[in-house]
Amino acid sequence: MSTNTRKYRTIKCLDDDVFDAKKRYVQMREHLYELQSKQKPTGDSLFDLF
């Protein structure tokens, strides 16, 4: 098996939605976005930034 074939199979495996590490990564990113959206200031006042 050539090196390119192994690289392709590895990338294909990592990009598969069934791959457990990818599912966890996507869940963590969604959680991060949720936390970041809760930290954004809601008002226009300068004090809302702190």
Side-chain angles (χ1 to χ4, degrees):
M1 187 180 315
S2 72
T3 305
N4 288 338
T5 304
R6 275 188 254 142
K7 286 180 183 178
Y8 174 76
R9 290 181 73 199
T10 302
I11 291 171
K12 187 177 177 183
C13 176
L14 293 174
D15 196 37
D16 188 1
D17 291 334
V18 180
F19 188 55
D20 190 50
K22 182 180 178 186
K23 287 193 288 188
R24 291 176 189 247
Y25 172 77
V26 170
Q27 290 172 348
M28 297 280 288
R29 292 295 297 182
E30 289 172 354
H31 185 67
L32 174 65
Y33 292 144
E34 181 182 335
L35 292 176
Q36 287 175 336
S37 69
K38 290 179 181 179
Q39 289 182 338
K40 291 184 180 175
T42 57
D44 293 335
S45 173
L46 179 61
F47 293 108
D48 289 335
L49 298 175
F50 298 106

Point to revise | salt bridge (charged side-chain N to carboxylate O under 4.0 Å, His left out) partners of Lys23, counting only residues at least two apart | key: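 Lys23 satisfies salt bridge (charged side-chain N to carboxylate O under 4.0 Å, His left out) with no other residue.
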
Review point. Under the salt bridge (charged side-chain N to carboxylate O under 4.0 Å, His left out) test, which residues partner Arg24, sequence neighbours left out?
Key: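 Per chain and number, Arg24 pairs via salt bridge (charged side-chain N to carboxylate O under 4.0 Å, His left out) with Asp20.
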
Review point. Do Asp16 and Lys12 touch side chain to side chain, with heavy atoms closer than 4.5 Å?
Key: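 The answer is no; the side chains never approach within 4.5 Å.
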
Review point. Arg9 versus Thr5: any side-chain heavy-atom pair under 4.5 Å?
Key: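 Side chain of Arg9 against side chain of Thr5, heavy atoms only: contact under 4.5 Å found.
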
Practice item. Calculate, to the nearest 0.5 Å, the distance between atoms CD and NE2 belonging to Gln36 and His31 respectively. Key: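 If I round to the nearest 0.5 Å, the distance is 10.5 Å.
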
Exercise for review: Kindly check if the number of other-residue, nucleotide or ligand heavy atoms within 6.0 Å of OH (Tyr8) is above 12?
Suggested key: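 No.
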
